[in-house]
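Start at 1 and go down the list; that is how both ligands and their atoms are numbered.
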Amino acid sequence: MSALTATDVRVVLDRGVVPVDGVSLRVDSGGWLGVIGPNGAGKSTLLKALAGLLPYQGAVTLEPAPEGSQRRDLARVLAYVAQQPTLPPNVSVREYVLLGRTPYLGYLGNPGRFDREIADGALARLELESLAHRRLGTLSGGERQRVVLARALAQQPRVLLLDEPTSALDLGHQQHVLELVDELRLDEGLTVISTLHDLTAAAQYADRLVLLDRGRVAAAGIPAEVLSESRIREVYRAVVSVTTDISGRPVPTPVRPSGRPRPCRRDVDSG
Ligand SMILES: Nc1ncnc2c1ncn2[C@@H]1O[C@H](COP(=O)(O)OP(=O)(O)OP(=O)(O)O)[C@@H](O)[C@H]1O
């Protein structure tokens, strides 16, 4: 069953800028769709349109559909994590993650014990318990990024839209976050659409990729079909060598275009 289907989505901004121009895609329930492409290809704009945060032409449908047509009905089904979210600096980490429960609260309702348990569970999953009382304004970039993801998990969505979820994370935290999202997908049937610049990570975690180029789909399919050396050269203007890991997934590695890599010198005195 498809969880989200986009048909011929087109976003027209001021002065006739069209960053997304006729994109169609589909992600099955429990699937992970990676949206890749060079800077300015339209990835973030597409995600905002899918999240209903930008007006668009075309159609985006969720299956099953949200129970009502209000914003909170959509928020119970779909969570969106922005690339650079604006965070209220004086709010504590725990209070902020608890905001993920807002779509479930009644009018002027306060979160109850169940909501606090869900929010604390999300904090624990992202290993943020020791930061629970810290103000958002005091966090590092990577800590902020994990807190925003914790809030999205507290929302208990069926579909999670992630815009560059690991851009501020070190290698260990990148792996932890991507593994966690994958675990949620496999255990709880979460459907994921994420933009990722790291093509190796995109190939490792997404089961299908959509490659955008100047607002249009340049290629779509399983990672091995999309990430060929020639296509990466054509769309990214980058020279890479693509090998295959033991699971058959492609591993693109940048190669010096000059073909003359300088040997590392072992004789330099590092002090
Ligand atoms: N409000 C806006 N007004 C004018 N142009 C915009 C606006 N928002 C986005 N654009 C342009 O639309 C294009 C697509 O932007 P978008 O942020 O979707 O790209 P992206 O693929 O996510 O890029 P990156 O990898 O650099 O994050 C870019 O050329 C951008 O400058």
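Put simply, CG on Leu53 and OG1 on Thr45 are 11.5 Å apart, with the number rounded to the nearest 0.5 Å. Note that CZ of Arg146 is 7.5 Å distant from OG of Ser140, once rounded to the nearest 0.5 Å. We find the CG-OG1 distance between Leu149 and Thr166 to be 10.5 Å, quoted to the nearest 0.5 Å. With rounding to the nearest 0.5 Å, the separation of CZ in Arg158 from CG in Leu78 is 9.0 Å.
For atom 29 (O) of ligand 1, the nearest non-hydrogen atom of the protein is Gly40 O, 4.0 Å. The nearest protein atom to atom 17 (O) of ligand 1, hydrogens excluded, is given as Ser44 CB, 3.7 Å; this is a heavy-atom distance. Among protein heavy atoms, the minimum distance from atom 3 (N) of ligand 1 is reached at Leu13 CD1, 4.0 Å. For atom 12 (O) of ligand 1, the closest non-hydrogen atom on the protein side is Pro19 CB, 3.3 Å. Here the protein heavy atom with the shortest distance to atom 25 (O) of ligand 1 is Lys43 NZ, 2.7 Å. Of the protein's heavy atoms, Thr45 OG1, 3.5 Å lies nearest to atom 16 (P) of ligand 1. In terms of protein heavy-atom proximity, atom 26 (O) of ligand 1 is closest to Asn39 ND2, 3.0 Å.
With a 4.0 Å heavy-atom cut-off, ligand 1 is reached by no atom of Glu164.
Ionic pairing of Arg125 and Glu183 is present here: one or more N-O contacts between side-chain nitrogen and carboxylate oxygen are shorter than 4.0 angstrom. The residues Arg26 and Asp28 are annotated as salt-bridged, a charged nitrogen and a carboxylate oxygen being separated by less than 4.0 angstrom.
Ligand 1 has at least one atom lying under 4.0 Å from a heavy atom of Gln83. Using a 4.0 Å heavy-atom cutoff, Gly42 is listed among the residues neighbouring ligand 1. At a 4.0 Å cut-off, at least one heavy atom of His197 sits close enough to ligand 1 to count as contact.
Backbone and side-chain nitrogen or oxygen atoms of Ala41 are examined, and one is located within less than 3.5 angstrom of a nitrogen or oxygen of ligand 1.
Closer than 4.0 Å to atom 7 (C) of ligand 1 lies at least one heavy atom of the protein. Protein heavy atoms all stay at least 4.0 Å away from atom 31 (O) of ligand 1.
Set against the non-hydrogen atoms of Pro38, the atoms of ligand 1 under 4.0 Å away are 21 (O).
For the side chain to side chain donor-acceptor pair (under 3.5 Å) with Ser167, the lone residue among Gln145, Gln83, His197 that qualifies is Gln145.
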Would you please test Arg231 and Asp213 for salt bridge (charged side-chain N to carboxylate O under 4.0 Å, His left out) and show each step? CA-CA 11 Å; Arg231 188 170 284 125; Asp213 185 18; over 6 Å; no
